[in-house]
**Student:** 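If you scroll down you'll find the structure; I have some questions about it.
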Amino acid sequence: MKKNVLLDLSQDFAVEVIAVARILKDTGEKGFADQIKRSGTSISANIAEGNHPQSRADMISKFEIALKEANETENWLNIFRKSELIDDSVFTPIHNKLVKIKILLIKFLQTLKSK
C-alpha cells in the first residue's frame, strides 16, 4: 500500500489537536476545546474523504474544505497563544505541523486544478 504523507501528517496533527483540547478543558475552556477539536480533526477527515472521491470535483472540494479548516485551526491556535491559554512549547510544534499540511494541501490543489 502506498504511503499517504498528507493523510499521515493530518492524522498526527489531529492527535496533537486533541491533546491541546485536553489542556484547554483542564483550564476551564471547554468551549474553545470543543471548537479547536472540531476544526482540527476535520482537516484529517476531509483529507481521508478526498482520497476516495466520487469525482475530481469532489476531491477538489474535500481538499478545499480541509484547507479552510486548517486556516480556522491556525487562527484558533494563534488566539490561544496570544491569550496565553497555551505556551510556545505547545504552540510551536503543532503550528509547524499545520503549516506543512497547508503547504501540501495548496500544492495538491494547484496540481488538481491545473489538470
Side-chain angles (χ1 to χ4, degrees):
M1 182 176 216
K2 188 176 177 183
K3 185 167 174 65
N4 188 324
V5 174
L6 181 56
L7 182 60
D8 290 346
L9 189 60
S10 69
Q11 288 173 343
D12 291 346
F13 178 78
V15 170
E16 291 182 31
V17 163
I18 292 167
V20 169
R22 284 188 188 124
I23 291 168
L24 293 169
K25 266 189 186 170
D26 289 346
T27 61
E29 299 292 346
K30 184 183 180 316
F32 285 146
D34 292 343
Q35 186 60 46
I36 195 163
K37 192 163 57 171
R38 272 192 298 277
S39 66
T41 58
S42 176
I43 299 165
S44 179
N46 279 288
I47 291 169
E49 287 183 43
N51 284 324
H52 303 283
Q54 295 176 347
S55 66
R56 178 182 217 73
D58 184 42
M59 178 183 275
I60 290 169
S61 175
K62 295 300 180 192
F63 282 99
E64 285 177 336
I65 292 168
L67 183 57
K68 288 172 117 179
E69 294 293 340
N71 288 327
E72 179 182 346
T73 303
E74 184 174 35
N75 183 61
W76 284 118
L77 288 170
N78 285 322
I79 290 169
F80 299 157
R81 186 184 70 176
K82 288 178 180 181
S83 62
E84 299 179 357
L85 291 172
I86 59 174
D87 61 27
D88 284 342
S89 69
V90 173
F91 174 83
T92 301
I94 195 169
H95 185 261
N96 289 344
K97 193 167 282 181
L98 182 57
V99 168
K100 288 178 189 175
I101 291 168
K102 287 176 59 175
I103 289 168
L104 289 171
L105 281 169
I106 290 166
K107 286 180 180 179
F108 195 67
L109 282 165
Q110 288 171 339
T111 300
L112 280 172
K113 290 178 179 181
S114 69
K115 291 184 178 182

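Just so you know, these numbers come straight off a predicted model, no measurement behind them.
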**Student:** Ignoring hydrogens, what is the shortest heavy-atom contact between Ala14 and Ser44? Give both atom names and the distance.
**Tutor:**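 Of all heavy-atom pairs spanning Ala14 and Ser44, the closest is CB-CB, 4.4 Å.
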**Student:** In this structure, would Phe80 and Phe91 fall into the same cluster of hydrophobic residues linked by side-chain contacts under 4.5 Å?
**Tutor:**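 Phe80 clusters together with Phe91.
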**Student:** With a 3.5 Å distance limit and no angle check, can you tell me whether Asn75 reaches the backbone of Asn71 through a side-chain donor-acceptor pair?
**Tutor:**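 Checking the backbone N and O of Asn71 against the side chain of Asn75, no donor-acceptor pair under 3.5 Å is found.
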**Student:** Got a sec, which pairs hit side chain to side chain donor-acceptor pair (under 3.5 Å) with one end in residues 19-35, sequence neighbours left out?
**Tutor:**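 Only Lys30-Asp34, Gln35-Arg38, Gln35-Glu72 qualify under side chain to side chain donor-acceptor pair (under 3.5 Å).
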**Student:** Which residues satisfy the side chain to side chain contact (heavy atoms under 4.5 Å, CB included) test with Glu49, sequence neighbours excluded?
**Tutor:**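 With sequence neighbours excluded, Glu49 shows a side chain to side chain contact (heavy atoms under 4.5 Å, CB included) to Lys62, given in chain and number order.
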**Student:** Is there side-chain contact between Leu6 and Asn51, with heavy atoms separated by less than 4.5 Å?
**Tutor:**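 Side chain of Leu6 against side chain of Asn51, heavy atoms only: no contact under 4.5 Å found.
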**Student:** Can you tell if the side chain of Ile43 reaches within under 4.5 Å of the side chain of Leu98, non-hydrogen atoms only?
**Tutor:**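 Counting from C-beta outward, Ile43 and Leu98 do come under 4.5 Å.
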**Student:** State whether the number of non-hydrogen atoms from other residues, nucleotides or ligands found under 6.0 Å of Lys102 atom NZ is greater than 12.
**Tutor:**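 Yes - once you tally the heavy atoms of other residues, nucleotides and ligands closer than 6.0 Å, there are more than 12.
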**Student:** Could you give the distance from CG (Asn46) to CD (Glu69), rounded to the nearest 0.5 Å?
**Tutor:**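 Nearest 0.5 Å value for the CG-CD distance: 6.5 Å.
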**Student:** Say you draw a straight line from CZ of Phe13 to NE2 of His95; how long is it, rounded to the nearest 0.5 Å?
**Tutor:**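 Answer rounded to 0.5 Å: 9.0 Å.
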**Student:** What closest approach, in Å, do Ser39 and Thr73 show between heavy atoms, and which atom pair accounts for it?
**Tutor:**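 Between these two residues, the closest heavy atoms are OG-OG1, 2.8 Å.
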**Student:** Between Phe32 and Ile79, is any pair of side-chain heavy atoms under 4.5 Å apart?
**Tutor:**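 No, every pair of side-chain atoms sits at 4.5 Å or beyond.
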**Student:** Going from CD1 on Ile86 to CH2 on Trp76, what distance comes out if it is rounded to the nearest 0.5 angstrom?
**Tutor:**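 Interatomic distance, Ile86 CD1 to Trp76 CH2, rounded to 0.5 Å: 12.5 Å.
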**Student:** Are Ile101 and Ile106 connected in the hydrophobic side-chain network, where two residues link if heavy atoms are under 4.5 Å apart?
**Tutor:**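 In one cluster with Ile101: Ile106, yes.
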**Student:** For the atom pair CD1 (Ile23) and CG (Asp87), what is the distance rounded to the nearest 0.5 Å?
**Tutor:**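 Taking CD1 in Ile23 and CG in Asp87, the distance rounds to 8.0 Å.
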**Student:** Nearest 0.5 Å, what's the CD1-CD1 distance between Ile36 and Ile18?
**Tutor:**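 Here the interatomic distance stands at 11.5 Å.
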**Student:** Please name all residues satisfying side-chain hydrogen bond (donor to acceptor under 3.5 Å, both in side chains) with Asn78, sequence neighbours left out, ordered by chain then number.
**Tutor:**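 Asn78: no side-chain hydrogen bond (donor to acceptor under 3.5 Å, both in side chains) contacts found.
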**Student:** To the closest 0.5 Å, what do you measure between CE (Met59) and CD (Gln54)?
**Tutor:**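 Met59 CE to Gln54 CD: 12.0 Å, rounded to 0.5 Å.
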**Student:** Quick one, Phe63 with Ile47, criterion side-chain contact (heavy atoms from CB on, under 4.5 Å). Give me CA distance, side-chain angles, the key distance, then yes/no.
**Tutor:** CA-CA 6 Å; Phe63 282 99; Ile47 291 169; 4.0 Å; yes
**Student:** Give a yes or no on this: more than 12 heavy atoms of other residues, nucleotides or ligands lie within 6.0 Å of atom NZ of Lys68.
**Tutor:**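 No - once you tally the heavy atoms of other residues, nucleotides and ligands closer than 6.0 Å, there are 12 at most.
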**Student:** Please say yes or no: joined through hydrophobic side-chain contacts below 4.5 Å, possibly via intermediate residues, are Leu7 and Phe108 part of one cluster?
**Tutor:**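 Same cluster.
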**Student:** Linking I/L/V/M/F/W/Y whenever any side-chain heavy atoms sit under 4.5 Å apart, do Leu109 and Leu104 land together?
**Tutor:**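 Leu109 clusters together with Leu104.
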**Student:** Counting only N and O atoms by type, is there a donor-acceptor contact under 3.5 Å from the side chain of Ser114 to the main-chain atoms of Thr111?
**Tutor:**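 Judged by distance alone, yes, a pair lies under 3.5 Å.
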